[in-house]
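As structure tokens, the structure follows; a few thoughts come after it.
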Amino acid sequence: MSSVVLKNLVKSYDNKKNIIDNINLEINDKEFIVLVGSSGCGKSTILRLISGLEDITSGEILIDNKVVNNEHPKDRDIAFVFQSYALYPHMSVFDNIAFGLKMRKYDKAFIHNKVIEVAKSLNLEDLLERKPKQLSGGQRQRVALGRAIVRNPKVFLMDEPLSNLDANLRVQMRSEIKKLHKNLQTTFIYVTHDQTEALTMGDRIVVLDKGKIQQVDTPENIYNNPNNKFVAGFIGQMNFVDVEVKDKKFDINGVQFDSELNIEGAVTIGIRAEKMISGTTTIVVKPEIVEMTGGEKIVYFYLNGNKCSARIPIDYKFDDKLNLCVSISDMYFFDVNTGDIIRR
């Protein structure tokens, strides 16, 4: 078993402001879990606390039901893949992959066989004599993965490992890492700020903001059933429109809707960008900016003074006016003060 449990985890550097604020999280054996959030939310700090590279302020970290708060990083049986690859520039690919095994005093025959095995699985067997400077970004990332895999650790920690790669290579490496997880059957804890990586890679996603967990769920549930406005806005492209509900009715750009909500006053409505032309009620807007993204266009405009966008097919016709088609069933309703979901 390679489960990881965080209990009431707190990290503070000045004993005043908590960078990690009372986090509780259970990560299952063999699970691929993704920590996602904006810069400074604490996701990378959580990895460093699990690995032992930083000390916790309070709480507990359990690996395989054993508290590891005071264990040295080398004794936690964890492999860490860094954003910067952290390869030794003077060593060959073979020696970079073999480094951890050499430090643990394995015999040369075992090290050789293990490195060759891992190199073949990552398509690195023809590069073993090269130095890191002779490799592409994708090749360096595979070497970093190989160095982690070769030790057969209980848990893999990955801190934005694809952020230095170009767009096409990121897509390729996403599938490679998912395939790797499937083959290794080991627990993966993956950090990213990229919502696409989170949605496509994780068995579950942990959305963080300001050191607190906002929601933990499957990618599908995170996308379709966000707990609050922050999660809805961070995962996917959602428009937020401020409205006033009176007698259960509200209007958007002069078009009236029946909310069926038992509330009165200010409410924030959320509508996904891809749902802006799939509904039944027409709203006419003036396009401000149009972006071509290949198979579709993104059109920007204003609703009730709020900047919004719609994702539309490449052949969707419009000129100086755009006919949106929205439905109440595609709208999310959020409390304007707390940001919590009122109704989906």
Subject >> Derivation of the side chain to side chain contact (heavy atoms under 4.5 Å, CB included) call for Met276 and Val299 >> reply: CA-CA 10 Å; Met276 297 301 287; Val299 184; over 6 Å; no
**OP:** Begin with the C-alpha distance, continue with both residues' side-chain angles, and end with the deciding distance and a verdict on side chain to side chain contact (heavy atoms under 4.5 Å, CB included) for Glu197 and Glu160.
**Re:** CA-CA 10 Å; Glu197 284 184 23; Glu160 304 203 42; over 6 Å; no
Original post:
Which is it for Lys114 and Asn152 under the side chain to side chain contact (heavy atoms under 4.5 Å, CB included) test, yes or no, and what are the steps along the way?
Top reply: CA-CA 10 Å; Lys114 192 68 177 175; Asn152 293 324; 3.2 Å; yes
**OP:** Check the pair Gln141, Val81 against side chain to side chain contact (heavy atoms under 4.5 Å, CB included), reporting the backbone distance first and the verdict last.
**Re:** CA-CA 9 Å; Gln141 191 55 269; Val81 179; 3.5 Å; yes
Subject >> Stepwise salt bridge (charged side-chain N to carboxylate O under 4.0 Å, His left out) check, Glu71 with Lys66 >> reply: CA-CA 10 Å; Glu71 286 200 3; Lys66 178 185 177 183; 2.7 Å; yes
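The ring-ring contact (aromatic ring centres under 6.0 Å, His included) check on Phe188 picks up Phe32, Phe156, His181, with sequence neighbours excluded. In this view, Tyr316 satisfies the ring-ring contact (aromatic ring centres under 6.0 Å, His included) rule with no residue, not counting sequence neighbours. Residues satisfying the side chain to side chain contact (heavy atoms under 4.5 Å, CB included) criterion with Met292, sequence neighbours excluded, are Lys297, Ile314.
Between Val285 and Asn253 there is a side-chain heavy-atom pair separated by less than 4.5 Å. At least one side-chain heavy atom of Leu208 sits under 4.5 Å from a side-chain heavy atom of Ile23. Looking at heavy atoms from C-beta onward, Ile46 lies out of side-chain contact with Val206 at the 4.5 angstrom threshold. Looking only at side-chain heavy atoms (C-beta outward), Phe230 and Lys210 stay at 4.5 Å or farther from each other. Residues Ile263 and Phe333 form no side-chain contact, since every pair of their non-hydrogen atoms from C-beta on lies 4.5 Å or further apart. In this structure, Val143 and Ile97 have side chains that are in contact, with non-hydrogen atoms separated by less than 4.5 Å. The closest side-chain heavy-atom distance from Gln215 to Phe234 is not below 4.5 Å. Put simply, the side chain of Tyr13 reaches to within 4.5 Å of the side chain of Thr45, judged on heavy atoms.
A donor-acceptor contact closer than 3.5 angstrom is absent between the side chains of Tyr223 and Gln195. A side-chain donor-acceptor contact under 3.5 Å links Thr268 and Asp242. Between the side chains of Asn323 and Thr282, no donor N or O sits under 3.5 Å from an acceptor N or O.
Here the OG atom belonging to Ser121 is positioned 5.0 Å from the CD1 atom belonging to Ile149, to the nearest 0.5 angstrom. Between the CG atom of Asp166 and the CE atom of Met173 there is a distance of 11.5 Å, given to the nearest 0.5 Å. One finds the CD1 atom of Ile271 at 8.5 Å from the CD1 atom of Ile328 (value rounded to the nearest 0.5 Å). Note: Asn28 CG to Asp203 CG = 9.0 Å, rounded to the nearest 0.5 Å. Between the CZ atom in Arg204 and the CG atom in Leu35 there is a gap of 10.5 Å [rounded to 0.5 Å]. Note: Leu128 CG to His112 NE2 = 8.0 Å, rounded to the nearest 0.5 Å.
Residue Ile298 comes nearest to Ser309 through the heavy atom pair CG2-CB, 4.0 Å, listed as atom of the first residue, atom of the second, then distance. Shown here for Val191 and Pro161, the closest heavy-atom pair between the two residues is O-CD, 4.2 Å. The shortest non-hydrogen separation linking Glu125 to Ala119 is OE1-O, 3.4 Å. Across Ala198 and Ile205, no two heavy atoms sit closer than the pair O-CD1, 3.4 Å. The two atoms that bring Val231 and Val207 nearest to each other are CG2-CG1, 4.0 Å, heavy atoms only. Of all the heavy atoms in Asp247 and Glu264, the pair that sits closest is N-OE2, 3.0 Å.
Of the possible donor and acceptor atoms, none in the side chain of Asn18 sits under 3.5 Å from a partner among the backbone N and O of Ile20. Side-chain N or O atoms of Asn69 include one that pairs as donor or acceptor with a backbone N or O of Gly59 at under 3.5 Å. When atom types are taken as modelled, the side chain of Arg151 and the backbone of Ile78 share a donor-acceptor pair closer than 3.5 angstrom. The main-chain N or O of His90 is never found under 3.5 Å from a side-chain atom of Lys133 such that the two would form a donor-acceptor pair. Proximity of a side-chain donor or acceptor of Lys154 to a complementary backbone N or O of Ser2 within less than 3.5 Å is not detected. For the pair Arg76 (side chain) and Ile50 (backbone), a donor-acceptor distance under 3.5 Å is present. Distance alone, capped at 3.5 Å, places no donor-acceptor pair between the Arg272 side chain and the Asp330 backbone. In this structure a side-chain-to-backbone donor-acceptor pair under 3.5 Å is missing from Ser327 to Ser329. Checking side-chain atoms of Asn304 against main-chain N and O of Asn306 turns up no donor-acceptor pair under 3.5 Å. For the pair Asn24 (side chain) and Asn8 (backbone), a donor-acceptor distance under 3.5 Å is present.
Hydrophobic clustering (ILVMFWY, side-chain heavy atoms < 4.5 Å, transitive): Val326 and Ile269 are in one cluster. Residues Ile33 and Val5 are members of separate hydrophobic clusters, defined by side-chain heavy-atom contacts under 4.5 angstrom among Ile, Leu, Val, Met, Phe, Trp and Tyr. Hydrophobic clustering, with ILVMFWY side chains joined whenever heavy atoms are under 4.5 angstrom apart, groups Phe94 together with Leu135. In terms of hydrophobic clustering, with Ile, Leu, Val, Met, Phe, Trp and Tyr side chains grouped at heavy-atom distances under 4.5 Å, Leu47 and Leu62 are assigned to different clusters. Phe99 and Val93 end up in different hydrophobic clusters when Ile, Leu, Val, Met, Phe, Trp and Tyr side chains are linked at under 4.5 Å.
Residue Asp55 qualifies as open at atom CG: its count of foreign heavy atoms under 6.0 Å is 12 or below. Crowding of Lys102 atom NZ: a count of heavy atoms from other residues, nucleotides or ligands under 6.0 Å exceeding 12. Within a 6.0 Å sphere centred on NZ of Lys212, heavy atoms belonging to other residues, nucleotides or ligands number 12 at most. By the 6.0 Å contact criterion, CD on Gln185 is enclosed, its count of non-hydrogen atoms from other residues, nucleotides or ligands being greater than 12. More than 12 heavy atoms of other residues, nucleotides or ligands sit less than 6.0 Å from atom NZ of Lys11. Annotation: Glu26, atom CD; neighbour count of heavy atoms from other residues, nucleotides and ligands within 6.0 Å does not exceed 12.
With Gln214 as the fixed residue, the side-chain hydrogen bond (donor to acceptor under 3.5 Å, both in side chains) test singles out one of Asn227, Asn228, Asp209: Asn228.
Ionic pairing of Arg311 and Glu296 is present here: one or more N-O contacts between side-chain nitrogen and carboxylate oxygen are shorter than 4.0 angstrom.
Cation-pi check for Lys307 over Tyr300 is met; the charged atom lies under 6.0 angstrom from the ring centroid and within 45 degrees of its normal.
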